Amino acid sequence: MANYRRYYVPGGSYFFTVVLADRRSDALVRHVDHLRTAFRVVMRDFPFEMPAVVIMPDHLHCIWTLPPGDAAYPQRWRRIKAGFSRCVGDLLPPSASRLRQGERGVWQRRYWEHALRDEQDFLRHVDYIHRNPLKHGLVSCVAHWPLSSFHRYVAAGIYPPDWCGVDGGEPACGAWAE
């Protein structure tokens, strides 16, 4: 088995991709309230900021900024995954190895993490997160995807409502309509 090495930066910002075991599932959007609850509970007990997030049917992307001196993101992810899994049950029958490890058939075991190096890296990943529903063909304009922090950025005046992030950030779709 591979020996995965994680990069820990106390108080750092990280980009994450977390994926369901069944890539055909839409459980994250179907059970988004359970996912939100799992995040709220963990954020209450183990605080962190989440400046950007998008929830897709079978995966999610987000950026976390941890408190000074804290680099314990694996424990947070373990608790979020477990909280969501308890609420939705198995999406796939768990394999024998998953059962031995006390795991359910909900999430892929691993997740992608990237320690953000600087402000430009941070902003590039925020744009990637917000463009993701468009990239996957779920919407024709990023503003049409409801499960994204994009709307928070529009409200703060960071993005225009018709921003799509295509061709260097030039709007590529019509004005946002609710």
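Values in this document were obtained by computation on a predicted structure and should not be read as measured data.
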Can you tell me how far apart [atom1] ([X]) and [atom2] ([Y]) are? Round to the nearest 0.5 Å.
{"X": "Ser148", "Y": "Leu60", "atom1": "OG", "atom2": "CG", "value": "12.0 Å"}
{"X": "Leu134", "Y": "Arg131", "atom1": "CG", "atom2": "CZ", "value": "8.5 Å"}
{"X": "Leu147", "Y": "Asn132", "atom1": "CG", "atom2": "CG", "value": "12.5 Å"}
{"X": "Arg40", "Y": "Asp45", "atom1": "CZ", "atom2": "CG", "value": "13.0 Å"}
{"X": "Met50", "Y": "Ser13", "atom1": "CE", "atom2": "OG", "value": "13.0 Å"}

Which pair of heavy atoms, one from [X] and one from [Y], lies closest together, and at what distance?
{"X": "Ala52", "Y": "Ile129", "value": "CB-CD1, 3.9 Å"}
{"X": "His151", "Y": "Ala143", "value": "CE1-O, 3.0 Å"}
{"X": "Ala71", "Y": "Pro74", "value": "O-CD, 4.0 Å"}
{"X": "Ala38", "Y": "Gly83", "value": "CB-C, 4.2 Å"}
{"X": "Pro133", "Y": "Met56", "value": "CA-CE, 3.6 Å"}

List the steps, then state whether side-chain contact (heavy atoms from CB on, under 4.5 Å) holds for Arg109 with Lys81. CA-CA 10 Å; Arg109 281 190 174 150; Lys81 287 177 158 186; 5.9 Å; no
Between Arg76 and Phe46 (side chain of the first, backbone of the second, donor and acceptor by atom type, cut-off under 3.5 Å), is there such a pair?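 Yes, because the side chain of Arg76 sits within donor-acceptor range (under 3.5 Å) of the backbone of Phe46.
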Looking at Asp121, is its backbone amide N or carbonyl O close enough to the side chain of Asp118 to form a donor-acceptor pair, meaning the two atoms are under 3.5 Å apart? yes
If Ile, Leu, Val, Met, Phe, Trp and Tyr residues are connected whenever their side-chain heavy atoms lie under 4.5 Å apart, and connections chain through other members, are Val19 and Val53 in the same group?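 Unlinked, Val19 and Val53 end up in two clusters.
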ILVMFWY network linking Leu66 to Val41, side-chain heavy atoms under 4.5 angstrom: no
Please confirm whether the ring centroid of Phe16 lies under 6.0 Å from the ring centroid of Trp77.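 Centroid distance Phe16-Trp77: below 6.0 Å, so yes.
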Do Phe84 and Trp107 make the cut of ring centroids closer than 6.0 angstrom?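 Yes - the distance between ring centres of Phe84 and Trp107 falls below the 6.0 Å cut-off.
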For a 4.5 angstrom cut-off between non-hydrogen side-chain atoms, does [X] reach [Y]?
{"X": "Pro51", "Y": "Phe122", "result": "yes"}
{"X": "Ile63", "Y": "Glu49", "result": "no"}
{"X": "Phe39", "Y": "Phe48", "result": "yes"}
{"X": "Glu113", "Y": "Phe15", "result": "no"}
{"X": "Gln108", "Y": "Arg23", "result": "yes"}
{"X": "Asp22", "Y": "Asp58", "result": "no"}
{"X": "Leu138", "Y": "Pro57", "result": "yes"}
{"X": "Trp64", "Y": "Tyr73", "result": "yes"}

Quick one: do Val142 and Trp163 satisfy side-chain contact (heavy atoms from CB on, under 4.5 Å)? Show the steps, please. CA-CA 7 Å; Val142 296; Trp163 181 88; 3.9 Å; yes
Verify whether one side chain among [X] and [Y] offers a donor that lies under 3.5 Å from an acceptor in the other.
{"X": "Asp70", "Y": "Tyr8", "result": "no"}
{"X": "Tyr159", "Y": "His130", "result": "yes"}
{"X": "Tyr128", "Y": "Lys135", "result": "yes"}

Kindly assign one of parallel, tilted or perpendicular to the pair Trp112 and His114, based on the angle between their ring planes and the thresholds 30° and 60°.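 Answer is parallel, since the angle falls under 30°.
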Stepwise side-chain contact (heavy atoms from CB on, under 4.5 Å) test for Leu20 and Val106: CA-CA 6 Å; Leu20 292 177; Val106 178; 4.0 Å; yes
Is the number of heavy atoms from other residues, nucleotides or ligands under 6.0 Å of Gln75 CD greater than 12?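 Yes, the 6.0 Å shell around CD holds more than 12 heavy atoms from other groups.
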Salt bridge or not for Arg36 and Asp33, using N-O below 4.0 Å? yes
Report the C-alpha distance between Tyr153 and Val126 in whole Å, list the side-chain angles of each, state the deciding distance to 0.1 Å, and finish with yes or no for side-chain contact (heavy atoms from CB on, under 4.5 Å). CA-CA 10 Å; Tyr153 280 65; Val126 169; 3.7 Å; yes
Begin from the C-alpha positions of Asp127 and Arg124 and carry the test salt bridge (Lys or Arg N to Asp or Glu O under 4.0 Å) through to its verdict. CA-CA 5 Å; Asp127 286 350; Arg124 224 180 5 259; over 6 Å; no
